[in-house]
Amino acid sequence: MHILSIILQSVLGIGFVLFGLMKFGKQMVEEFKRYRLSSATRIFTGLVEIISAVIIIIGIWVDPYALVGGILIAVTMVVAVLVHLVRVKDPAAKAMMPFILLILALAVISLNWNNL
């Protein structure tokens, strides 16, 4: 199971560094306007995603960090799903990627729950 956790942590870590950096680009400025969220929220979200990515990657070597990073990513993805489905009433397909990332984060949490 440890190998599975490392793979999931690597995927989430690399993905969330990229997702976080994207929040500082022009395309996400328009998306956050569509979500009716401020630029400060966009920047905060990007920083949280990058910090979460770093924490979950550190968790490859320091087990408790995997749990913390997984929790941060899971909370972020719950909010993302809610923004898509509730706030802007996107079709479910638009919320699928954050939902899948939520499931992956929950798997990391589950695999590392006993490592506190």
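Partners of M97 by side chain to side chain contact (heavy atoms under 4.5 Å, CB included), not counting sequence neighbours, listed by chain and number: L101. Shown here are the side chain to side chain contact (heavy atoms under 4.5 Å, CB included) partners of I71, two or more places apart in sequence or in another chain: L67, V75, I109. Listed by chain and residue number, R34 satisfy the salt bridge (charged side-chain N to carboxylate O under 4.0 Å, His left out) test with D90 (two or more places apart in sequence, or in another chain). Not counting sequence neighbours, K94 has no partner by the salt bridge (charged side-chain N to carboxylate O under 4.0 Å, His left out) test.
Legend: salt bridge (Lys or Arg N to Asp or Glu O under 4.0 Å) pairs involving residues 59-71, not counting sequence neighbours: none detected. Pairs passing the side-chain hydrogen bond (donor to acceptor under 3.5 Å, both in side chains) check and including a residue from residues 97-108, sequence neighbours excluded, do not occur. The list of side-chain hydrogen bond (donor to acceptor under 3.5 Å, both in side chains) pairs with a residue in residues 38-52, not counting sequence neighbours, reads K23-E49, S38-T41. Residue pairs meeting the salt bridge (Lys or Arg N to Asp or Glu O under 4.0 Å) criterion with at least one member in residues 65-85: none, sequence neighbours excluded. Listed by first and then second residue, the side-chain hydrogen bond (donor to acceptor under 3.5 Å, both in side chains) pairs that reach into residues 7-20 are S5-Q9, sequence neighbours excluded. The ring pair (Phe, Tyr, Trp, His ring centres under 6.0 Å) analysis of residues 40-76, with sequence neighbours excluded, yields no pairs. Pairs passing the ring pair (Phe, Tyr, Trp, His ring centres under 6.0 Å) check and including a residue from residues 12-43, sequence neighbours excluded, read F16-F19, F32-Y35, Y35-H84.
Note: N112 CG to I56 CD1 = 8.0 Å, rounded to the nearest 0.5 Å.
As a member of the Ile/Leu/Val/Met/Phe/Trp/Tyr network built from side-chain separations under 4.5 Å, I14 groups with L18.
The closest donor-acceptor contact from the side chain of R36 to the backbone of R87 lies under 3.5 Å.
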